[in-house]
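Numbers restart at 1 for each chain; the letters A, B, ... are given by sequence-line order, proteins then strands.
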Amino acid sequence: MSVSPPGHMLQKTRSRSHPGAQLWSPSDCCPGVSREIARASGHPDASQDTPGTPSPSFRQVQATSAPELWTQKQLELKVAELVQFLLIKDQRKIPIKQSGIMKHVVRDYKNIFPDLLKLAAERLHYVFGYKLVELDPKSNAYILINALEPVGKDGELRGYQRTPTTGLLMIILGLILMNGHSIPENDVWCFLRRLGVYPTKKHSVFGYPKKLITEDFVKQRYLEYRRIPHTDPVDCELQWGPRANLETSKMKVLKFVAKIHNQDPKDWPTQYCEALADEQRRVRPEPNGPALTS
Amino acid sequence: MSKEKCSLTGGKEKRGELVRSLAWQHLVKQEEEEAVKKEEKEEGEDEEEEGSDSSSDDPNPEPPCMHPDLLELVVDREKCRKIRRQYRQLIYTVQQNREDIVNTASDTLSEALEEANVLFDGVSRTREAALDAQFLVLASDLGKEKAKQLNTDMNFFNPIAFCDLLLLFVGFNWVEEECKEFSDCDDSIVLSFWGMLHEEATSWMLQAETFHFIFGSFKAERSARKPRLGCHKRACKMEGSGDMPTKLRRLDVHANQETTEKEVERILGLLQTYFQKYPDTPVSYFEFVIDPNSFSRTVENIFYVSFIIRDGFARIRLDQDRLPILEPTNVSQVDDESDSYSYCRKQGVISLSLQDWKNIVSTFEISEAMIKNSY
């Protein structure tokens, strides 16, 4: 599959003041932008603009507001910087906030932020095999998920790069699924005690398990941790978080549980029906190529 | 149910108002007696009652002489009887189809409840209401059973079994035999278990692998702290000013050297000189440290001597009068256990007030300080 580099996706215009310099303006991605600026500055020919041609209004933008115009190289560097920022931020698996991206990377490029993000998403997809996903529409937070299905014996190739917490997470997600939509925290600890994981004891692998489950997994948005109303003493429950729904599915977790039991997922009719319904909700026609999904 | 009944005895009251004359009362009494007999017969034989009631659906025409109010009363009673019969029929049907109703896929219970709802609209007397209550008890009992049936799918999942199967899946089924608890196992076994489980779990998750720097991140070397020029300038200014006392100015020249270290070395030199002159005579601790002219210098001397003792260049012992004396340390000459014991490093805290200092100076008749001022 031949993929044109992000540079080809941008329209190039030549500046009269710097012959040969490739410039990029917001109008290339958002054709209405340059016209708006020109109209605001009271240019007479603003209404007759056509994007892509070096028209008076485009020159007006060039002349009046220098930060509105960037060379191809500047843009490439900014996209590369954004990709690097996203990769480094993802190491802790905590959702990357839009405000953080704006503050540390975008800065003066605020007006073309959506386009930068789109280009970064494309690069992450084609180079690294990652999908940049918005966690939920209101949160303005992003996560990276694997765009490629896991390969068998993949773990052997990778080796352990960090604490093997995915097994513990999968067990908890399985318990929640098999219990309904949520599970009391006490029930989780009753189960984990049998595997030598205690809420108060430091574990040789996980460190402090209570912190890992009720803080780290919650911050990473794998789990939701909330108080059960009208309970005395206070009791809390665990539910699936939005990240868990993006990185795995009810059907996959049910299949994992079934594999452990050496049974068929259909042996649990209620959960199987729920998982099927979840699968049907997921099956939506996706647009071609990588895009920010929410 | 669907309608609220204000009074279930409304029929009787109505009848009391309608029937006024004795003649009518007599007729009504006869009718009532017949009805009671018929009701007893119905309750005794449900099956027979069904057959006989089919004819009662079309009641015999009343004699033409009957009063219209009485006619209305008879029709009302027939209606109530019909409702009771339908209730009994409904209860019987529900009991017969119990298994079908309890089945999770069946809607029979909902249909039966809707039917009872319709019947309840016509209920006006206690007897019919009692049958409705009887049906409600039956329906709620069946509803409870149906709910249990719905939950059994969930109950198939046994967390304890799941836990044991996890150990079995990873191939750690022998753990229970060797260790009482999984937490008692060796750390390598625990790590291996969670590692294998992690490997299995990652194949079910689209988790993005984290990228790390190939040779680690670039380590920024700490930049050397810039010397603060402010202090230096201030020192130069002070040196230039003629108001400053001579002693302090002379000390300030060597401000960058460690004063304490210098003083300790100087006092150690004095002590060693004394030990060389009088090798067999230990020096009195108080005579050595106390300056009869300055309490503050005395305190300073005690401080400096403590370093000499700490570093093992001298030691403090109590003489026969139980007064502290300073001796040179020579480990090779140590023979007895008491001496070797005294070599163990110990700490002591002494308090010295101004009055104590004066008392020591007068008692020991100290006229001159052994440790002379360095400035």
Heavy-atom pair count under 4.5 Å with chain B, highest-scoring of A/Leu144, A/Ile171, A/Asp90: A/Ile171
Proximity breakdown for A/Leu169 and chain B, heavy-atom pairs closer than 4.5 Å: side chain
A/Thr248 side chain vs B/Trp204 backbone, donor-acceptor pair below 3.5 Å: yes
Side chain to side chain contact (heavy atoms under 4.5 Å, CB included) partners for B/Thr93, two or more places apart: B/Gln89, B/Asn97
Residue A/Tyr272 versus chain B: region with a heavy atom under 4.5 Å: neither
Donor-acceptor contact present, side-chain A/Asp264 to main-chain A/Asp267, <3.5 Å: no
Among A/Asn262, A/Leu175, A/Val253, A/Ile260, residue most engaged with chain B (heavy-atom pairs, under 4.5 Å): A/Ile260
Results of side chain to side chain contact (heavy atoms under 4.5 Å, CB included) for B/Leu138 - residues two or more places apart only: B/Ile91, B/Val94, B/Gln95, B/Arg98, B/Leu142
Top contributor to chain B contacts, counting heavy-atom pairs under 4.5 Å, from A/Glu247, A/Arg243, A/Met170: A/Glu247
Verdict with reasoning, B/Phe135 to B/Tyr87, per ring-ring contact (aromatic ring centres under 6.0 Å, His included): CA-CA 8 Å; B/Phe135 170 76; B/Tyr87 262 118; 7.1 Å; no
